[in-house]
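Inspection log for the structure reproduced underneath, given as structure tokens.
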Amino acid sequence: SQQGEEDPQALSIQEGENATMNCSYKTSINNLQWYRQNSGRGLVHLILIRSNEREKHSGRLRVTLDTSKKSSSLLITASRAADTASYFCASTYYGNNRLAFGKGNQVVVIP
Amino acid sequence: DTGVSQDPRHKITKRGQNVTFRCDPISEHNRLYWYRQTLGQGPEFLTYFQNEAQLEKSRLLSDRFSAERPKGSFSTLEIQRTEQGDSAMYLCASSLGGAGVGYNEQFFGPGTRLTVL
């Protein structure tokens with residue numbers, strides 16, 4: 001089964017608000033990566049967090065990792081209309097280089 | 001642009017035909033991956049190369065699929081005797097294998113959208 005399953009929710013928020021989405025996985029991971037995908041287009045790499053890290057920041061993005069709960073969250077602060085996209089988490093686990101993706105979270109930011 | 005590139009971007013073919021896609025990774029990346037994505041789903045892993053060696057293959061990669069990376073640079077993915085179920089976006093990614101900051105981040109190309117009629 002696939003690792004990395006986002007909470008099956010679609011978010012619709014106003015521009016300027018924060019957006020939070022969650023991801024869970026089933027077994028021990030090596031790292032977890034978040035991606036953004038605009039409608040029908042390629043995946044843009046956002047951030048990678050390693051299994052020994054608990055939090056990382058990149059611009060308006062904040063990612064947390066809780067290995068005891070096997071979960072990760074992505075926070076987008078001060079959202080913009082251009083943040084409208086699907087967001088995927090994907091994990092790799094030890095001894096394996098493949099990314100296992102969830103189904104993605106649809107985020108719509110209303111101007 | 002020094003990102004991952006894929007060609008063609010779109011391919012329409014008739015059932016039973018063969019198709020071949022090409023991926024050019026980021027030049028210094030030694031690892032190359034192929035994924036397949038269908039509508040409303042996350043990408044699914046197909047296969048992985050380190051340099052020219054194909055090290056992992058998913059059970060999704062039936063015997064109609066073959067991938068090569070002959071010189072450890074670009075890669076091709078061929079689908080023989082295409083079926084309607086092969087219709088999907090085929091994504092290529094590359095990464096730099098190793099430890100430390102910047103390693104193992106997989107960067108994706110724009111994908112090749114295949115439609116089998």
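Chain A is the first sequence line, chain B the second, and so forth, proteins listed ahead of strands; every chain is numbered from 1. Worth knowing before you read on, the calculation uses all heavy atoms, side chains too, and leaves out hydrogens, waters and symmetry mates.
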Hydrophobic clustering (ILVMFWY, side-chain heavy atoms < 4.5 Å, transitive) - are [Y] and [X] grouped together?
X	Y	answer
B/Leu77	B/Ile26	no
B/Trp34	A/Leu43	no
A/Ile47	A/Val107	yes
B/Phe107	B/Phe21	no
B/Phe108	B/Phe74	no

Worksheet item: Taking everything shown except B/Leu39 itself, do over 12 heavy atoms lie less than 6.0 Å from its CG?
Response: no

Discussion item. Does atom CZ (A/Arg60) have a neighbourhood of more than 12 heavy atoms from anything else shown, all under 6.0 Å?
Written reply: yes

Practice prompt. Kindly state whether the ring of A/Phe101 and the ring of B/Phe45 have centres lying under 6.0 angstrom apart.
Written response: no

What part of [X] lies closer than 4.5 angstrom to a heavy atom of chain A: side chain, backbone, both or neither?
X	value
B/Gln6	neither
B/Arg9	neither
B/Gln41	both

Worksheet item: What's the spacing between B/Met89 CE and A/Gln37 CD if we round to 0.5 Å?
Response: 7.0 Å

Discussion item. Return the OH to CG distance between B/Tyr33 and A/Leu99, rounded to the nearest 0.5 Å.
Written reply: 7.0 Å

Contact summary for [X] and [Y], nearest pair of heavy atoms:
X	Y	answer
A/Gln33	B/Gln106	OE1-N, 3.3 Å
A/Phe88	B/Gly42	CE2-CA, 3.4 Å
B/Tyr48	A/Asn97	OH-ND2, 3.2 Å

